[in-house]
Amino acid sequence: MAVLRTADDLTIYIGAYRSFEWFWEDDGTMPGLDAYESLSPRDQDDLLASVMHWGNTPPGQQPLKSRVNVEHTDPLVLAIKAGKHRFTAFREDSGPTWIVHSHYLKEGNDRDKSGDRAIERTKRALTRYFALVRAGKYYERT
């Protein structure tokens, strides 16, 4: 069940080189955070380890493929890995912050239709995010 969130829920991790926050939907929910909270403690720890690894990987160095993977190139959508769990993310324009949006399970070697749908949802969210940020409305909630 979707939970209404506040700005206090946004931040996931602030690393030496990158920071991460949950995508905040127009209806006040954060689907990625809801998915994260439904994971086992082990899978939650694994996601945080991936985020911390990537957040502390110096610019110019690639994060481990076991932690982060390119899912779509234009626009750039990456997947942060936690075992068979994937959390899609895109970068905000003005700095090193990555916005974590959707969750999906990857059961086999190739991404399935569920993963494809998560990437499409993330691409639509990316478009909304940039429009709201330009309008100065993304972080404002009533």
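This one's a predicted model, so the numbers in the text were calculated from it and none came from an experiment. Just so you know, residue 1 is the first one in the sequence shown, and it goes up from there.
Among pairs with a residue in residues 67-79, those fulfilling salt bridge (charged side-chain N to carboxylate O under 4.0 Å, His left out) read D46-R67, E71-R111, at least two apart in sequence or across chains. Sorted by first then second residue, the salt bridge (charged side-chain N to carboxylate O under 4.0 Å, His left out) pairs that include residues 125-134, not counting sequence neighbours, are E25-R128. A side chain to side chain donor-acceptor pair (under 3.5 Å) check over residues 51-62, counting only residues at least two apart or in different chains, returns the pairs Y13-N56.
A donor-acceptor pair under 3.5 Å links the side-chain atoms of T6 to the main chain of D8, judged by distance alone. With hydrogens and angles disregarded, a donor-acceptor distance shorter than 3.5 Å links the side chain of R86 to the backbone of G83. Checking side-chain atoms of S50 against main-chain N and O of K81 turns up a donor-acceptor pair under 3.5 Å. Proximity of a side-chain donor or acceptor of T73 to a complementary backbone N or O of L76 within less than 3.5 Å is not detected.
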Worked check of side-chain contact (heavy atoms from CB on, under 4.5 Å) between V3 and M30:
CA-CA 7 Å; V3 177; M30 294 178 185; over 6 Å; no
Between L10 and L33, does a side-chain contact (heavy atoms from CB on, under 4.5 Å) hold up when you go through it step by step?
CA-CA 9 Å; L10 273 172; L33 178 54; over 6 Å; no
Under the salt bridge (charged side-chain N to carboxylate O under 4.0 Å, His left out) criterion, do K123 and E120 qualify, and how do the steps go?
CA-CA 5 Å; K123 288 167 38 182; E120 290 304 314; 3.0 Å; yes
Does the side-chain contact (heavy atoms from CB on, under 4.5 Å) test come out yes or no for F23 and V100, once each step is laid out?
CA-CA 6 Å; F23 182 82; V100 179; over 6 Å; no
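Under the 4.5 Å side-chain heavy-atom criterion for Ile, Leu, Val, Met, Phe, Trp and Tyr, L64 and M52 are members of distinct hydrophobic clusters. By the rule that hydrophobic residues join a cluster once side-chain heavy atoms approach within less than 4.5 Å of another member, L48 and I14 end up as members of separate clusters. No path of Ile, Leu, Val, Met, Phe, Trp and Tyr side chains, each step under 4.5 Å between heavy atoms, connects L47 with I119, placing them in separate hydrophobic clusters.
Side-chain contact check for N69 versus L78: every heavy-atom pair is 4.5 Å or farther apart. In this structure, the side chains of L105 and H85 come closer than 4.5 Å at one or more pairs of heavy atoms. Contact check for H103 versus L39: side-chain heavy atoms found under the 4.5 Å cut-off.
One distance of note links CG of D9 with OG1 of T29; it measures 11.0 Å at 0.5 Å rounding. Remark: H72 NE2 to D116 CG distance equals 9.5 Å, nearest 0.5 Å. Note that the OH atom of Y104 and the OG1 atom of T122 stand 9.0 Å from one another [nearest 0.5 Å].
The nearest pair of heavy atoms linking P75 to L126 is CB-CD1, 3.9 Å. For the residue pair F87 and G32, the shortest heavy atom distance occurs at CE2-O, 3.5 Å.
Residues meeting the side chain to side chain contact (heavy atoms under 4.5 Å, CB included) test with T127, sequence neighbours left out: none. With sequence neighbours left out, T97 forms a side chain to side chain contact (heavy atoms under 4.5 Å, CB included) with S19, E21, E92, I99. The salt bridge (charged side-chain N to carboxylate O under 4.0 Å, His left out) search around E107 returns none, not counting sequence neighbours.
Two rings, from Y36 and W22, have their centers less than 6.0 Å apart. The six-membered or imidazole ring of Y138 lies away from that of F130, with a centre-to-centre distance of 6.0 Å or more.
F90 pairs with exactly one of F20, Y129, W98 by the ring pair (Phe, Tyr, Trp, His ring centres under 6.0 Å) rule, that one being Y129.
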